[in-house]
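Because the structure is predicted, anything quoted here is derived from the model rather than measured. The analysis underlying the following values was restricted to heavy atoms, covering all of them including side chains, and did not include hydrogens, waters or symmetry mates.
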Amino acid sequence: MTEKDPNKKAELMLLANNKIGLHEQTQLTPYVERALNAPVKEVFRDILKQSVEGAINGLPFPANLAGKAALKSGAVDALLNPVVDGVASVFRGLATEHMMKLAVPGGALKIGNDLPPPKGMESTLFPPHLRTIQNPELKALLGKLDHSPDSLKGTGAKDWSKLGQRMDYIIDLFRTRQSDPHLFDQPFGRATTYPLPNAPR
């Protein structure tokens, strides 16, 4: 708050935002993974297993006994797991590319696409105080998380359940939009009030 140099101040703000973002996304990882895997691992897997069980029950004796033994021993699960994992991976990719958008002032960003530069920064990509990074701690953090340094190429996520891909997108999102005055606009384009934590419902 007391830093007078605008470049240093902007870098300290970006460092803080990136650290908060990393902490938040690290905590969210198991929930994001579960949410993106649920349609396949909790729905498709049950349907697939029920189909296998139905097919085994329809087998003549003694083949049906062997099939039931395979079910009890976990052999069927061992065969199904790679199929389910493969389908889940494909689903996560499709969901990331076609279903996930991030609302920002003036529109929405598809997180499966490379992050576009803000309007007016097509050639510079980043706001003036963040075009070059001098802060050593911020440099080190960007070195770990940004797989396309000083570029927006390759920022699009292929699988949003992967922490590294989320952070690669998020840190460039923060860096490109940190100085956008529209971030102070009312959310969702209208005045909104939020209940206080202890307010009666």
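- A continuous path of Ile, Leu, Val, Met, Phe, Trp and Tyr side chains, each step under 4.5 Å between heavy atoms, connects V32 with L102, placing both in one hydrophobic cluster.
- Under the 4.5 Å side-chain heavy-atom criterion for grouping Ile, Leu, Val, Met, Phe, Trp and Tyr, I111 is connected to V104 within one hydrophobic cluster.
- Between P116 and L109, some side-chain heavy-atom pair lies under the 4.5 Å cut-off.
- Here the side chain of E3 pairs no donor or acceptor atom with the backbone of K8 at under 3.5 angstrom.
- Under the 3.5 Å distance criterion, the side-chain polar atoms of E53 are left unmatched by any main-chain donor or acceptor of S51.
- Every side chain to side chain donor-acceptor pair (under 3.5 Å) that H182 has, sequence neighbours left out, goes to D185.
- Listed by chain and number, the hydrophobic cluster partners of L12 come to none, as no ILVMFWY side chain reaches under 4.5 Å of it.
- Residues M13 and I170 do not share a hydrophobic cluster, defined by chaining ILVMFWY side chains whose heavy atoms lie under 4.5 Å apart.
- One distance of note links CG of N57 with NZ of K68; it measures 5.0 Å at 0.5 Å rounding.
- With respect to the salt-bridge test (charged N to carboxylate O, under 4.0 angstrom), the residues K153 and D172 do not qualify.
- Atoms CD1 and CG, from I20 and L15 in turn, are 9.5 Å apart once rounded to the nearest 0.5 Å.
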Next item on the list: Report the C-alpha distance between K9 and H129 in whole Å, list the side-chain angles of each, state the deciding distance to 0.1 Å, and finish with yes or no for side chain to side chain contact (heavy atoms under 4.5 Å, CB included).
Entry: CA-CA 9 Å; K9 190 180 191 80; H129 299 308; over 6 Å; no

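- The nearest pair of heavy atoms linking Y169 to L115 is OH-CD1, 3.4 Å.
- L65 pairs by the side-chain contact (heavy atoms from CB on, under 4.5 Å) definition with F61, not counting sequence neighbours.
- Minimum heavy-atom separation, F126 to S151: CZ-N, 4.2 Å.
- Checked by atom type and distance alone, the side chain of K110 never pairs as donor or acceptor with a backbone atom of M100 at under 3.5 Å.
- Ion pairing between a basic and an acidic side chain is recognised when a charged N comes within 4.0 Å of a carboxylate O; D150 and R131 show no such pairing.
- Note: L130 CG to L125 CG = 12.0 Å, rounded to the nearest 0.5 Å.
- Judged by distance alone, the side chain of Q178 and the main-chain N or O of P127 form no donor-acceptor pair under 3.5 Å.
- The other members of the hydrophobic cluster of I47, by chain and number, are V43 (side-chain heavy atoms under 4.5 Å, ILVMFWY only).
- The salt bridge (Lys or Arg N to Asp or Glu O under 4.0 Å) test applied to K19 returns E137, not counting sequence neighbours.
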Note to self: side chain to side chain contact (heavy atoms under 4.5 Å, CB included) for T96 and Q165? Distances and angles first, verdict last.
What the structure shows: CA-CA 11 Å; T96 299; Q165 293 184 35; 5.9 Å; no

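- Between the D168 side chain and the G164 main chain, no donor and acceptor come within less than 3.5 Å of each other.
- Although no hydrogens or angles enter the test, the distance criterion places a donor-acceptor pair under 3.5 Å between the side chain of R166 and the main chain of Q25.
- At least one side-chain heavy atom of P105 sits under 4.5 Å from a side-chain heavy atom of L183.
- When every heavy atom of T26 is checked against every heavy atom of L22, the shortest pair comes out as OG1-O, 2.7 Å.
- Remark: T155 OG1 to N113 CG distance equals 9.0 Å, nearest 0.5 Å.
- One distance of note links CG of L173 with CE of M167; it measures 10.5 Å at 0.5 Å rounding.
- In plain terms, the two heavy atoms of K41 and A88 that are nearest each other are CE-CB, 4.1 Å.
- Closest non-hydrogen pair, A63 versus L59, comes out as O-CD1, 4.0 Å.
- Members clustered with V90: L94, by chain and number, using a 4.5 Å side-chain heavy-atom cutoff among hydrophobic residues.
- In M121, the CE atom is crowded: over 12 heavy atoms of neighbouring residues, nucleotides or ligands sit closer than 6.0 Å.
- Residues L80 and F44 share a single hydrophobic cluster, defined by chaining ILVMFWY side chains whose heavy atoms lie under 4.5 Å apart.
- Here the side chain of D159 pairs no donor or acceptor atom with the backbone of G93 at under 3.5 angstrom.
- Minimum heavy-atom separation, N18 to F174: OD1-CD1, 3.5 Å.
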Item checked: Working for side chain to side chain contact (heavy atoms under 4.5 Å, CB included), residues V52 and L79 -> CA-CA 11 Å; V52 171; L79 289 172; over 6 Å; no

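- Paired with R45 under the rule side chain to side chain contact (heavy atoms under 4.5 Å, CB included), one option of V40, V87, N81 passes, and it is N81.
- Separation of atoms CG (D146) and NZ (K139) is listed at 13.5 Å; rounding is to 0.5 Å.
- Although no hydrogens or angles enter the test, the distance criterion places a donor-acceptor pair under 3.5 Å between the side chain of S73 and the main chain of A70.
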